[in-house]
Amino acid sequence: MPRMHFSLLFSDTISLALGVLALLTLVGCERGGFGCETAPPPGSPVAVVERYECNRCHSALAQPTQTRAEQGPFEGGRLELAEQDRSCTGCHNALHDGELDEEYPAEAITHWQKNVVHLIDVPTLTGAGRRFRRDWLVDFLRSPHDLRPRLEATMPRFAMPEKDARAIAEYFVPTSTGAHEAVDLSQADLGAGRAVLESNGCTSCHAFGGVEGLKASPVPVEMEPEALARAMKLAPDLRYTRDRMSPAAVVAWLEDSKKIKSDSLMPHIPLSETEREQAAAFILRAELAPVARPEMPKRLPVLEREVRYAEVEREVFKKVCWHCHSDPDGNNGDGGPGNTGGFGFEGKGLDLGSYEAIERGRLGEDGERESVVEPGADGVSPLVAHMLARHAEVAGEPVEGVRGMPLGLPPMSMEKIQLVETWVAQGARQ
Ligand code: HEC
Ligand code: HEC
Ligand code: HEC
Ligand code: HEC
C-alpha cells in the first residue's frame, strides 16, 4: 500500500525550522534532508494524528492568533485535507460541486451525485484549541456520541488507547488555557438568557437536548438558502457545550465566532455584552432533563421468500459497506479502512464487493481466514451481529468487542438486516 500523502503545514519558516530541529534531535532524521518532514517521531502528536487519518474527513485552518509559545514546533491544530482519492469528504464534496477530477464519464457523475449523501458536511476542526477543553476531546475520541441531530454521520468509533487520544488532543488543543481564562457568569440571569436564545433565531438552528419548551424565532440575519441549510445541519446540540467549552470561550464565541473559528458557519447575530453573558450562562447552566436515546429496534423474523446474492449486494453491500471494504487492486492497493486498513485500524482483510470476496471472509487474530457469513458462537452471522451492534451504539449501549457497522454511519434499517439474515439462513446462495 503506498504511503499516503499527508501534509501538516508549518506556520512559517521559524516553526518549520523548529520542527525540523525537533525531528533532527528526536529521530536523527535517518532519511536525511527535508525528507525528515514526512517522518515525524513515532508517538509524537503529529504522528498519531497522521496514523488515525483525521484528515480523510476533517481539515483545520491555522489559528492565526496563537502565540509562538502556544504553537510549539508543530503549530497546534492545523490539518490539510487528504488528497482527493483518499479523502471521504474531499471527494464527496468535489463530486457534488461538479469538480471531480480525472476522466469520469458525465452520466456516471450525475448518477453518483444522487447517491452520495454522507460525509459531505463534516465540521472542520479550525480553532479547536480555542474552543474545546482538552479533556472533553480525549473522552470524545475514545467514546464518541452524536453531537448534531440533523447530521446523520457521526465520528467513527475508533479503537483508541488513552495514550493516543491524549496525543491527538494535545495536537488540536495545544494549550489548556488560551481562550479559556475565567469569566464570572454567576450573576447572570438565566431566565433572561433563555429569552435571548428564544428571540434571536438561535433555536432555529440549535437543538438544546433536555431543555423543555424552548420557543423558536426566525434567524434575524439574511443568509443564502444554501448557507442557512448547511449551518442548520452543522449546528451542535447545545446540551454538550458545557462539556466542550469554557465560559470564556462561549462568551467570546457569541461576540464574534469567526475570531474563534475563522471558517465558522454560524452567522453573526449582534448581542449586547449583557445578552451574551446571559445567553452563555443559560447555555452552560440551564437544567438538563435526561434525553431519551433511540430504542434498540426489534429484530425481524427471516423472510419466507427467497433472497439471492444480487439483492443483498444491491441493497446492502454495494450500497454502503463496499465503500470501506473494497478490492485493493484497481485502487492503488487501497481496499478501504475495513479491508487493507485506515483510520488507525489495521484492517480485517474483508472485501464486501463481490460474492467470491465475501466467501473469502475476514482475517482472524491468527492470520487465518474466517467466515463472516456462518453464525458464530452466539448463533448470529458476524455480518448481522456487526450491523445490529451499530443500532446498539446509537442507543448508547455499544457491544463489547463488536464494532458497529457501517462505521460512523447511520445503522442499516431492520428490513435490510432482515434481508441479510434471510440470505444467510437460506445458505448464502449466489
Ligand atoms: C470518517 C470520517 C471521520 C474521521 C476519519 C474523523 N472524523 Fe471527526 N467527525 C466526523 C463527523 C461526521 C463528525 C460530526 C459528528 C457529530 O456532529 O455528531 C465529527 C466530529 C468531530 C469533532 C467535533 C467537532 C465539532 O465541531 O463538534 C471532533 C473534535 C473530531 N471529529 C475530531 C476528529 C479527530 C481528531 C479525528 C482523527 C483521530 C477524526 N475526527 C476523524 C467524521 C470523522
Ligand atoms: C475518489 C472519490 C471518493 C472517495 C475518496 C470516497 N468516496 Fe465515497 N463515494 C464516492 C462515489 C462516486 C460514491 C457513489 C457511488 C455509487 O453511487 O455507486 C460514493 C458513495 C459512498 C457511500 C454510499 C452513499 C452514502 O452517501 O451513504 C458511502 C457510505 C461512502 N461513499 C463512504 C466513503 C468513505 C467512508 C470514504 C473515505 C474512507 C469515501 N467514501 C471516500 C466517491 C468517493
Ligand atoms: C443559522 C444557524 C445558526 C444560528 C441562527 C445560530 N447558530 Fe450557533 N452555531 C451554528 C453553527 C453551524 C455552529 C458551529 C459552527 C462551526 O462549527 O462552524 C454554531 C455554534 C454555536 C456555539 C458553539 C457550541 C459548541 O458546543 O461548539 C454556541 C455556543 C452557539 N452556536 C450559540 C448560538 C446562539 C446563542 C445563537 C443565537 C444568538 C446561535 N448560536 C445562533 C449555527 C447557528
Ligand atoms: C466507514 C467505513 C466502513 C463502512 C462503511 C463499513 N465498514 Fe465494516 N469495517 C470497517 C473497519 C475500519 C473495520 C475494522 C474494525 C476493527 O478492526 O475493529 C471493519 C470491520 C468489519 C467487520 C469485521 C469485524 C471484526 O471484528 O472482524 C465486519 C463483519 C464488517 N466490517 C461488516 C460491515 C458491513 C456489513 C458493512 C455495511 C453495512 C460495513 N462493514 C461498512 C469500516 C467500515
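Predicted, not measured: the structure shown is a model, and the values here were computed from it. Just so you know, ligand 1 is whichever comes first in the structure, and atom 1 is the first atom listed for that ligand.
Using a 4.0 Å cut-off between heavy atoms, A280 makes no contact with ligand 3 at all. Counting heavy atoms under 4.0 Å from ligand 1, residue R56 does not touch it at all. Neither the backbone nor the side chain of V49 has a heavy atom within less than 4.0 Å of ligand 1. Under 4.0 Å from ligand 1, heavy atoms of D146 appear from its side chain as well as its backbone. With a 4.0 Å heavy-atom cut-off, ligand 1 is reached by the backbone of L147 and by its side chain too. By the criterion of a heavy-atom distance under 4.0 Å, the side chain of C324, and not its backbone, is placed next to ligand 2.
Checked for salt-bridge contact, D135 and R166 meet the test: a charged N lies under 4.0 Å from a carboxylate O. Using a cut-off of 4.0 Å between Lys/Arg side-chain N and Asp/Glu carboxylate O, E53 and R86 are scored as salt-bridged. Using a cutoff of 4.0 Å between basic side-chain nitrogens and carboxylate oxygens, E393 and R390 are scored as salt-bridged. Remark: R51 engages D164 in a salt bridge, criterion side-chain N to carboxylate O under 4.0 Å.
If you look at Y52 and F345, their ring centroids are not closer than 6.0 Å. Aromatic pair Y240/W136: ring centres not closer than 6.0 Å.
Near D85, with a cut-off below 4.0 Å to any heavy atom, the atoms of ligand 2 are 5 (C). When each atom of ligand 3 is checked for a heavy atom of C205 under 4.0 Å away, the hits are 1 (C), 2 (C), 3 (C), 4 (C), 5 (C), 43 (C). Taking every non-hydrogen atom of L234 and a distance limit under 4.0 Å, the qualifying atoms of ligand 3 come out as 12 (C), 14 (C). Atoms of ligand 2 lying under 4.0 Å from any heavy atom of N115, numbered from 1 in the order shown and given with element: 16 (C), 17 (O), 24 (C), 25 (C), 26 (O). If you number the atoms of ligand 2 from 1 as listed, the ones under 4.0 Å from a heavy atom of L409 come out as 29 (C). Counting the atoms of ligand 1 from 1 in the order shown, those under 4.0 Å from a heavy atom of F172 are 35 (C). For ligand 3 and L228, the ligand atoms under 4.0 Å from any heavy atom of the residue are 1 (C). For ligand 2, the atoms closer than 4.0 angstrom to any heavy atom of H118 are 25 (C), 26 (O), 27 (O). Under a 4.0 Å criterion applied to the non-hydrogen atoms of Q84, ligand 2 contributes the atoms 1 (C), 5 (C).
Residue L137 places no N or O, backbone or side chain, under 3.5 Å from any N or O of ligand 1. Checked by distance only, ligand 3 and R244 come closer than 3.5 Å through their nitrogen or oxygen atoms. Inclusion of T154 in the set of residues having an N or O under 3.5 Å from an N or O of ligand 1 is not warranted. Checked by distance only, ligand 3 and K261 come closer than 3.5 Å through their nitrogen or oxygen atoms. Note: no N/O pair closer than 3.5 Å links H111 and ligand 2 by distance alone.
Between the side chains of T124 and K261, at least one donor N or O lies within less than 3.5 Å of an accepting N or O. In this structure, a donor-acceptor pair under 3.5 Å is present between the side chains of E152 and H118.
The nearest heavy-atom contact from the protein to atom 14 (C) of ligand 3 is P236 CD, 3.6 Å. Closest protein heavy atom to atom 15 (C) of ligand 2: W112 CD1, 3.6 Å. Of the protein's heavy atoms, C202 SG, 2.8 Å lies nearest to atom 36 (C) of ligand 3. Protein heavy atom at the shortest distance from atom 17 (O) of ligand 1 is R148 NH1, 2.8 Å. Among protein heavy atoms, atom 39 (C) of ligand 3 sits closest to M266 CE, 3.4 Å. Among all protein heavy atoms, the one lying closest to atom 11 (C) of ligand 3 is A235 CA, 3.7 Å.
By heavy-atom distance, the residue among M245, H206, H268 lying nearest atom 23 (C) of ligand 3 is M245. With distances taken over non-hydrogen atoms, the option nearest atom 41 (C) of ligand 1 out of Y52, F158, F343, F140 is F158. Considering only non-hydrogen atoms, atom 26 (O) of ligand 2 lies nearest to V117 out of V117, N331, L407. Atom 24 (C) of ligand 3 has its nearest heavy-atom neighbour, among T241, T203, L254, in T241. The residue from P218, S199, G201 that puts a heavy atom closest to atom 5 (C) of ligand 3 is G201.
Of the possible polar contacts, one joining the S217 side chain to the G201 backbone as a donor-acceptor pair under 3.5 Å is found. Between the side chain of S381 and the main chain of E421, no donor-acceptor pair closer than 3.5 Å is present.
At least one heavy atom of M223 sits less than 4.0 Å from an atom of ligand 3. At least one heavy atom of W253 sits less than 4.0 Å from an atom of ligand 3. Under the 4.0 angstrom criterion for non-hydrogen atoms, Y171 is not in contact with ligand 1. Within the 4.0 Å heavy-atom shell around ligand 3 one does not find S204. Ligand 2 is approached by K319 to a heavy-atom distance shorter than 4.0 Å.
Closer than 2.8 Å to atom 8 (Fe) of ligand 2 sit the protein N, O or S atoms H92 NE2. Near atom 8 (Fe) of ligand 1, less than 2.8 Å away, sit the protein N, O or S atoms H58 NE2, M155 SD.
Distances from atom 8 (Fe) of ligand 3 show that S257 has no N/O/S atom below 2.8 Å.
In this structure, the side chains of S257 and H268 stay at 4.5 Å or more apart for every pair of heavy atoms.
The aromatic rings of F140 and H145 stand perpendicular to each other, their planes meeting at an angle above 60°, with 30° marking the opposite boundary.
Partners of A281 under the side chain to side chain contact (heavy atoms under 4.5 Å, CB included) rule, at least two apart in sequence or in another chain, are L185, A188, L190, R285. Checked against salt bridge (charged side-chain N to carboxylate O under 4.0 Å, His left out), D121 has the following partners two or more places apart in sequence or in another chain: R230, K233.
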- Query: Run the salt bridge (charged side-chain N to carboxylate O under 4.0 Å, His left out) check on E313 and K319 step by step: do they pass?
  - Reply: CA-CA 7 Å; E313 171 176 89; K319 193 164 200 144; over 6 Å; no

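Annotation for W423 and I358: closest pair CH2-CG2, 4.4 Å, computed over non-hydrogen atoms.
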